[in-house]
Amino acid sequence: KAGVTQTPRYLIKTRGQQVTLSCSPISGHRSVSWYQQTPGQGLQFLFEYFSETQRNKGNFPGRFSGRQFSNSRSEMNVSTLELGDSALYLCASSSGQGAINEQFFGPGTRLTVL
Amino acid sequence: DQQVKQNSPSLSVQEGRISILNCDYTNSMFDYFLWYKKYPAEGPTFLISISSIKDKNEDGRFTVFLNKSAKHLSLHIVPSQPGDSAVYFCAANTGGFKTIFGAGTRLFVKA
């Protein structure tokens, strides 16, 4: 089974621009979650989608948005980029059902905002 | 508000000895606790989990202990191997598909 893929792997943007990141989950998985990882902060939960619906949302400003398509692929968008948005953005997929919710992560997209 | 805390940013252990990684949490509603391991340039991978109704779960060299009264859990790795050197994340969820992660502990296993 192919793993979770994320594109692009690296991205450099300037302040004020917007960016779209893409995530393809493991085949059959219907849940996709997005996380922001910064040094010392661990993984901060952004949002989770299941069958094209956002089920959970973290404490991030409205500049961060996402969506999920009918094939479970997901995109995350950040508008009006700020220097503090520089981070590793991780996507994780799971079945979206069951209690433990073991997640499978992609390698991440490293975003640098200049 | 950090609901899951890993207070040790790093830990160094000799090969063959025991590694103990600690995690504290504040939300008594968490149903499941999970540990993930992360190597550089890779996403985290699931390691082991424990339900809130248990106090111990074991999988090979990895054992997780849960102390609900203290809101504390720990991951024991015995014996530690150089390949275990990675960042370990403690995580918790309430079964609602919102998983909260700690800041991570970097483990160094010296040969």
Side-chain angles (χ1 to χ4, degrees), chain A residues 2-7 9-10 21 23-26 29-51 53-60 68 74 87-110, chain B residues 1-10 21-27 29-54 57 59 62 64 66 73 86-106:
Chain A
V4 178
T5 58
Q6 291 187 247
T7 56
R9 292 293 309 276
Y10 302 91
L21 312 181
C23 171
S24 292
I26 290 172
H29 282 184
R30 295 163 65 187
S31 170
V32 173
S33 297
W34 288 90
Y35 296 87
Q36 180 195 66
Q37 185 188 3
T38 53
Q41 292 295 313
L43 278 67
Q44 302 290 309
F45 175 79
L46 281 154
F47 28 65
E48 185 254 356
Y49 286 86
F50 179 82
S51 293
T53 300
Q54 187 182 87
R55 286 197 301 192
N56 288 286
K57 190 175 187 302
N59 298 321
F60 278 80
Q68 187 180 35
S74 177
L88 179 68
Y89 289 88
L90 291 159
C91 160
S93 80
S94 71
S95 66
Q97 298 164 315
I100 297 178
N101 194 36
E102 174 189 343
Q103 295 177 304
F104 298 82
F105 283 82
T109 295
R110 172 74 61 185
Chain B
D1 175 28
Q2 282 194 298
Q3 298 184 60
V4 177
K5 298 179 185 179
Q6 294 177 260
N7 294 318
S8 298
S10 65
L21 296 100
N22 294 303
C23 178
D24 297 297
Y25 62 95
T26 58
N27 188 345
M29 300 300 291
F30 286 137
D31 290 327
Y32 286 90
F33 302 89
L34 307 91
W35 285 92
Y36 285 82
K37 178 169 72 173
K38 185 180 186 299
Y39 292 119
E42 295 181 12
T45 55
F46 171 76
L47 197 55
I48 190 170
S49 66
I50 187 168
S51 162
S52 62
I53 63 173
K54 296 191 174 183
N57 188 27
D59 184 2
F62 302 91
V64 57
L66 175 62
L73 66 155
V87 177
Y88 289 80
F89 290 99
C90 171
N93 66 54
T94 58
F97 306 104
K98 178 178 178 178
T99 302
I100 307 299
F101 284 79
T105 296
R106 185 177 296 277

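In the text below, chain A, chain B and the rest are named by the order of the sequence lines, each starting its count at 1. What you are looking at is a predicted structure, and each value in this text was computed from that prediction instead of being measured.
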- When the 4.5 angstrom heavy-atom criterion is applied to A:Arg9 and chain B, the contacting part is side chain
- Query: Given that the side chain runs from C-beta out, which part of A:Phe47 has a heavy atom under 4.5 Å from chain B: side chain, backbone, both or neither?
  - Reply: neither
- Item | Nearest non-hydrogen partners of B:Leu34 and A:Glu102, listed with the distance | CD2-CA, 4.4 Å
- Message: Heavy-atom pairs under 4.5 Å with chain B: which of A:Gln37, A:Lys57, A:Gln44 has the most?
- Response: A:Gln37
- Query: For A:Pro107 and B:Ala41, which heavy atoms make the closest approach, and how far apart are they?
  - Reply: CB-O, 4.3 Å
- Note on the structure: Rounding to 0.5 Å, atoms CG (B:Asn93) and CD (A:Gln103) come to a distance of 8.0 Å
- Message: Applying side chain to side chain donor-acceptor pair (under 3.5 Å) as the test, list every pair that has at least one member in residues 35-45 of chain B; sequence neighbours left out.
- Response: B:Lys37-B:Tyr39
- Tell me, side chain or backbone of A:Leu43 under 4.5 Å from chain B's heavy atoms, or both, or neither? both
- Message: Report which part of B:Pro44 has an atom under 4.5 Å of a heavy atom belonging to chain A: side chain, backbone, both, or neither.
- Response: both
- Message: Heavy atom to heavy atom, less than 4.5 Å: which residues from residues 46-54 of chain B reach chain A?
- Response: B:Phe46, B:Ser49
- Query: Roughly how far, to the nearest 0.5 Å, is OH of A:Tyr35 from CZ of B:Phe89?
  - Reply: 11.5 Å
